[in-house]
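Data block below; observations after.
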Protein chains: 2
Amino acid sequence: MSSKLSERLRRGDVFEPDCPSRTILRNVTSRWGVLVLVALRTQTHRFSELRRKIAGVSEKMLAQTLQALEADGFVRREALPVIPPHVEYSLTPAGHEVSRRVEELADWIEQSLPSILQARKAVRS
Amino acid sequence: MSSKLSERLRRGDVFEPDCPSRTILRNVTSRWGVLVLVALRTQTHRFSELRRKIAGVSEKMLAQTLQALEADGFVRREALPVIPPHVEYSLTPAGHEVSRRVEELADWIEQSLPSILQARKAVRS
DNA sequence: CGGAATCCAAGATGATACTG
DNA sequence: CAGTATCATCTTGGATTCCG
């Protein structure tokens with residue numbers, strides 16, 4: 001480590017327990033955050049569409065995840081003032097940047113799944 | 001969706017709740033899994049070295065995380081039969097592949113942190 | 001439809017003590 | 001040193017209910 005603490009904090013350092021980058025990273029890599037980011041890559045989605053696409057997520061967790069990603073500036077929320085309500089979720093430019101990297105990770109795992117499962121040991125996590 | 005369910009499961013699909021790829025993804029993107037993978041990129045590490053490098057992790061969680069990543073075939077554990085014990089952790093070839101993608105994500109967040117924090121809203125997750 | 005609010009179960013995390 | 005075991009706690013996650 002050649003850099004001083006102040007420098008590392010300015011630039012962000014996930015190895016520092018109090019660095020905000022850890023929080024961002026947690027939101028992005030959260031159980032549903034990953035899937036939301038990947039799901040929104042192809043197109044904007046309504047709340048209920050996301051719920052269907054991301055099988056297994058509850059309303060509560062999806063709403064919570066979307067709020068966190070919106071707060072971090074990765075997701076844009078547009079509510080059309082109509083009845084019944086109509087809300088569109090899409091990626092911001094920054095969101096597009098992260099989601100690209102998240103998807104690369106997810107894609108690699110999906111494609112490598114067969115060999116991963118073979119190499120997998122019997123030990124349970 | 002043009003592919004049938006059977007095909008999607010063969011190849012891995014993180015949007016399928018029962019697909020093993022979701023479990024792998026969770027282990028890899030877990031709170032400490034991400035940091036372990038990035039930490040091991042530069043070099044092999046002993047248990048205590050990892051604990052120091054990944055500030056904030058408890059012994060229990062580090063051990064648990066390492067076991068999960070080892071079970072998935074991403075981390076190799078080598079215990080030298082000496083007293084006191086000496087254990088080395090390193091990445092397998094597959095582990096190197098995932099960690100590369102994980103690091104790209106972490107790096108982007110670290111470097112973009114300033115602009116992310118500016119765009120961040122006051123809403124709390 | 002798209003949530004917010006509430007309650008509760010389950011899992012993740014941590015501090016501490018102990019051991020080969 | 002490198003863990004394991006135990007217990008306490010904090011956070012996640014889900015089901016349900018209600019509302020504009």
Side-chain angles (χ1 to χ4, degrees), chain A residues 14-15 17-18 22-36 39-40 44-71 75-90 121 123-125, chain B residues 14-15 17-18 22-36 39-40 44-72 75-90 121-125:
Chain A
V14 292
F15 288 114
D18 297 332
R22 268 209 189 169
T23 309
I24 309 286
L25 191 58
R26 281 196 77 178
N27 289 343
V28 167
T29 62
S30 72
R31 177 168 186 186
W32 306 115
V34 175
L35 300 180
V36 165
L40 289 179
T44 69
H45 280 293
R46 298 183 59 173
F47 188 85
S48 51
E49 289 174 344
L50 280 175
R51 260 211 88 186
R52 244 170 292 122
K53 187 162 184 177
I54 306 175
V57 69
S58 66
E59 285 187 359
K60 176 186 171 183
M61 290 316 299
L62 181 55
Q64 194 171 300
T65 302
L66 284 169
Q67 283 170 11
L69 292 177
E70 187 194 359
V75 164
R76 173 170 33 241
R77 177 182 186 277
E78 284 177 287
L80 283 69
V82 296
I83 292 178
H86 184 111
V87 183
E88 292 273 343
Y89 290 95
S90 57
K121 297 188 179 180
V123 188
R124 273 306 28 179
S125 41
Chain B
V14 292
F15 287 114
D18 296 332
R22 269 209 189 170
T23 309
I24 308 286
L25 191 59
R26 280 196 79 177
N27 288 344
V28 167
T29 61
S30 71
R31 178 169 186 185
W32 306 116
V34 175
L35 300 180
V36 165
L40 289 180
T44 69
H45 279 293
R46 299 183 59 173
F47 188 86
S48 52
E49 288 175 344
L50 281 174
R51 260 212 87 188
R52 242 170 294 122
K53 187 162 183 176
I54 305 174
V57 68
S58 66
E59 287 186 0
K60 179 184 169 183
M61 290 315 299
L62 181 55
Q64 195 172 300
T65 301
L66 284 169
Q67 284 169 11
L69 292 177
E70 187 194 357
D72 288 345
V75 164
R76 174 170 34 241
R77 179 183 184 275
E78 284 177 288
L80 285 68
V82 296
I83 292 178
H86 183 111
V87 182
E88 292 274 343
Y89 289 95
S90 57
K121 296 189 180 180
V123 187
R124 273 306 29 180
S125 41

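A, B, ... follow the sequence lines: proteins, then strands. Residue 1 opens every chain.
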From CD1 of A/Ile54 over to C1' of D/dG14, roughly how many Å is that when rounded to an integer? 16 Å
By side chain to side chain contact (heavy atoms under 4.5 Å, CB included) - contacts of A/Arg77 (at least two apart): A/Glu70, A/Ala79, A/Val87, A/Tyr89
Would you please name every residue forming a side chain to side chain donor-acceptor pair (under 3.5 Å) with B/Ser48, sequence neighbours left out? none
Taken to the nearest 0.5 Å, the spacing of B/Leu66 CG from B/Phe47 CZ works out to 6.5 Å
Let me know the distance between NE2 of B/His45 and P of D/dA2, rounded to the nearest Å. 13 Å
Return the nearest nucleotide to the side chain of A/Trp32; candidates are D/dG14, C/dA12, C/dT13. D/dG14
Atom CG in B/Asp18, atom OG1 in B/Thr23: separation rounded to 0.5 Å? 9.0 Å
Partner residues of B/Pro17 under the side chain to side chain contact (heavy atoms under 4.5 Å, CB included) criterion, sequence neighbours left out: A/Ala55, B/Arg22
Expressed as a whole number of angstroms, how long is the span from A/Arg22:CZ to D/dT11:C1'? 17 Å
Quick one: list whatever passes side chain to side chain donor-acceptor pair (under 3.5 Å) with B/Arg46, sequence neighbours left out. B/His86
If you measure from CG on A/Leu69 to CD on A/Gln64, what distance do you get to the nearest 0.5 Å? 11.0 Å
When you measure from the side-chain N and O atoms of B/Arg31 to the phosphate of C/dG14, is any distance below 4.0 Å, counting only OP1 and OP2? yes
Working to the nearest 0.5 Å, report the span between OG1 of B/Thr65 and CG of B/Leu35. 9.0 Å
Hey, which sits more toward the 5' end of DNA chain D by its nearest nucleotide, B/Arg52 or A/Met61? B/Arg52
Let me confirm one number: the CG-CD1 distance from A/Leu40 to A/Ile54, rounded to the nearest 0.5 Å. 7.0 Å
Nearest whole angstrom, please: distance from the C1' of C/dA12 to the CG of B/Leu35. 16 Å
Axis-to-axis angle for the helix from C/dC1-D/dG20 to C/dG20-D/dC1, ends of five pairs each, to 10°, equals 50°
Are any protein N/O atoms closer than 3.5 Å to N/O atoms in nucleotides 2-7 of chain C? If there are, list each pair with its distance.
residue: C/dG2; atom: OP1; partner: A/Arg46; partner atom: NE; Å: 2.8
residue: C/dG2; atom: OP1; partner: A/Arg46; partner atom: NH2; Å: 3.1
residue: C/dG2; atom: OP2; partner: A/Ser48; partner atom: N; Å: 3.1
residue: C/dG2; atom: OP2; partner: A/Ser48; partner atom: OG; Å: 2.7
residue: C/dG3; atom: OP1; partner: A/Arg77; partner atom: NE; Å: 3.3
residue: C/dG3; atom: OP1; partner: A/Arg77; partner atom: NH2; Å: 2.6
residue: C/dG3; atom: OP1; partner: A/Tyr89; partner atom: OH; Å: 3.3
residue: C/dG3; atom: OP2; partner: A/Tyr89; partner atom: OH; Å: 2.4
residue: C/dG3; atom: N7; partner: A/Glu59; partner atom: OE1; Å: 3.3
residue: C/dA4; atom: OP1; partner: A/Gln67; partner atom: NE2; Å: 3.4
residue: C/dA4; atom: OP2; partner: A/Gln67; partner atom: NE2; Å: 2.8

Could you state the CD-P distance from A/Gln64 to D/dA15, rounded to the nearest angstrom? 15 Å
Can you check the A/Asn27 CG to D/dT12 C1' distance for me, whole Å? 13 Å
Looking at the side chain of A/Ser58, which of C/dC1, D/dG14, C/dA12 is the nearest nucleotide? D/dG14
